[in-house]
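Below you'll find the structure, written out as structure tokens, and then a few comments.
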Amino acid sequence: MSSRFQAPRGTQDVLPDMQPYWQAVNDAIREVTHLHGFRRIDTPVFENAGVFEKGSGDTTDVVEKEMYVFEDRGGERLALTPEGTPAICRAYLEHGMASWPQPVRLYTTHAMFRYDRPQKGRYRQHTQFDCEVLGSVDPLVDAEVIGILWDLYARLGIKNITVRLGSLDDLESRRSYIERLKDYYRPHLSKLSEDSQRRFARNPLRLLDSKDERDQPFKEAAPKLIESLSPLAQEHHDAVQGALAAAGIQFAIDPLLVRGLDYYNRTVFEIVPDDDERAQGTLGGGGRYDGLIELLGGPSTPGIGFGSGIERIILEMQKNGITFEPSPVAQVYIVHRAAGAGPKVFALASELRAAGVPAVIGETGKSMKAQMRGANTSGARFAVIIGDDELAAGAAVLKDLASEDGAQETLPLASLAAAIGARLRA
RNA sequence: GCGGGCGUAGCGUAGUGGUUAACGCGUCUGAUUGUGGCUCAGAAGAUCGAGGGUUCAAAUCCCUCCGCUCGCCCCA
């Protein structure tokens, strides 16, 4: 057993039974993005590692601890895409999209890779639906992007979700806030949890996010970023809220919402199931990144976007009781039991397929009973039976598998495809 | 990366030291000459996640590893 291969840790096979979920999600993504004027982009599975080291920030967990980095045979440092935004920004610059009509609205579904300890809803390879709008500072765009996710989840039958909305202020004023926050925490440092002591040095905003009991007393009195936004950031934040409210999108301000990537400013958001007990429940999240393109060496260009994990969306659909009927393997199953019938049978199947009718052929040599069983489990509507008599007469038996009495009739081979077509349409 | 739980045929389970590891679903075959679904009969399929140890004897106890899972961390 152990000598057999297994899918690598944290990866999974999507078997045929699960495909309807993926199809439903992908269809809904296509519709929703189309309705919002987004166009699809696909970027490579791997990029120069620097795209993420510079873009996402080389001290973020995603880059520092979780990114798959490797050197190729030519000595190039490459990384499997851990998140979509910097890759799309790289493409924006590379292809001169600044000279396209602004803003540029792009979406993709892309495999993402993070070396993380897997859990349900957390995988080393997952698939993300990503939307990015580049070249706009309009708060209506922030609301629009949040609205895309809202619409998507609604279409997929996911109920009872809430948008958590926050603002990380603009970069300058956030820096001074972080100093104030550190000043506040510094005297208490020794009383904090080990995690929070690490956070103090690494990512002070996360201090307010701690779940450790020892840290709770200090959270209350700590200064909150969202209470002292710069006037412009405050105005922006208000405008986003106004637009969301007008569209009937339920949101809750989360003063402690912090995201794990360095480039965010102003609007940040997450969408989570209301009842969610589990830690890996966040369906999607994102925010504004007005400084990112510049970080990547481009002209100052505002942007906003999000990622949403398709595996998590599907888990949430299942939690909401969404199921799919198994679909038939084919419409027509050809049963054949005559020596030398192979070529005729094969030609008939081709003819059916050319007419748009899915058809499969029973296994040569198997008993008629076995092939009929195959026809039944395939879910096909019709069985076409070709035995010695039919082959000699240039005919075939057409049997309606849906009828309980097993109605069947013999038809000339030449007219079979047309007859089946007519019945399927009826 | 840290801590806990779990791991028996494709799937779901029974079996907690002692004969050829059991059952359901599924798969395959058959039930008088070439016909599915229901029923019946039969078959295949498991070195009990892997490796090592304790014991006269291990799926069952111990250790290590692998995988899944829950919480933390982090994130989608």
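Every chain is numbered from 1, with letters handed out A, B, ... down the list of sequences.
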Output yes when at least one side-chain N/O atom of A:R199 is less than 4.0 Å from OP1 or OP2 of B:C73, else no. yes
OP1, OP2 of B:C73 versus side-chain N and O of A:K65: anything below 4.0 Å? no
When all nucleic acid strands are considered with a 4.0 Å heavy-atom cut-off, which category describes A:E66: base, sugar-phosphate, or nothing? sugar-phosphate
Is it the case that the base of [N] and the side chain of [X] share a donor-acceptor contact (distance under 3.5 Å, atom types as modelled)?
| X | N | answer |
| --- | --- | --- |
| A:N376 | B:G36 | yes |
| A:R117 | B:C68 | no |
| A:Q408 | B:U35 | yes |
| A:R122 | B:A76 | no |

Specify the separation, in whole Å, of atom [atom1] of [X] and atom [atom2] of [N].
| X | N | atom1 | atom2 | result |
| --- | --- | --- | --- | --- |
| A:D405 | B:G37 | CG | C1' | 13 Å |
| A:L401 | B:G36 | CG | P | 11 Å |
| A:K120 | B:U69 | NZ | P | 6 Å |
| A:R9 | B:U69 | CZ | P | 10 Å |
| A:D212 | B:C74 | CG | C1' | 16 Å |
| A:Q216 | B:C72 | CD | C1' | 14 Å |
| A:R198 | B:C72 | CZ | C1' | 10 Å |
| A:K369 | B:U39 | NZ | C1' | 12 Å |

Can you tell me the pairing partner of [N] across any strand shown, Watson-Crick or G-U wobble, with both distances under 3.5 angstrom?
| N | answer |
| --- | --- |
| B:G67 | B:C6 |
| B:C11 | B:G24 |
| B:U16 | none |
| B:G30 | B:C40 |
| B:C61 | B:G53 |

Can A:E194 and A:R214 be counted as an ion pair, charged N to O under 4.0 angstrom? yes
Nearest to the side chain of A:H126 - B:A76, B:G36, B:C74? B:A76
A:E404 side-chain proximity, nearest of B:U27, B:G37, B:A76: B:G37
If I pick the C1' atom on B:C11 and the same atom on B:U16, what distance separates them, to the nearest angstrom? 24 Å
SG of A:C89 to CE of A:M97, rounded to nearest 0.5 Å, is 9.5 Å
Is the side chain of A:N320 donor-acceptor paired with the backbone N or O of A:K159 at a distance under 3.5 Å, no angle test? yes
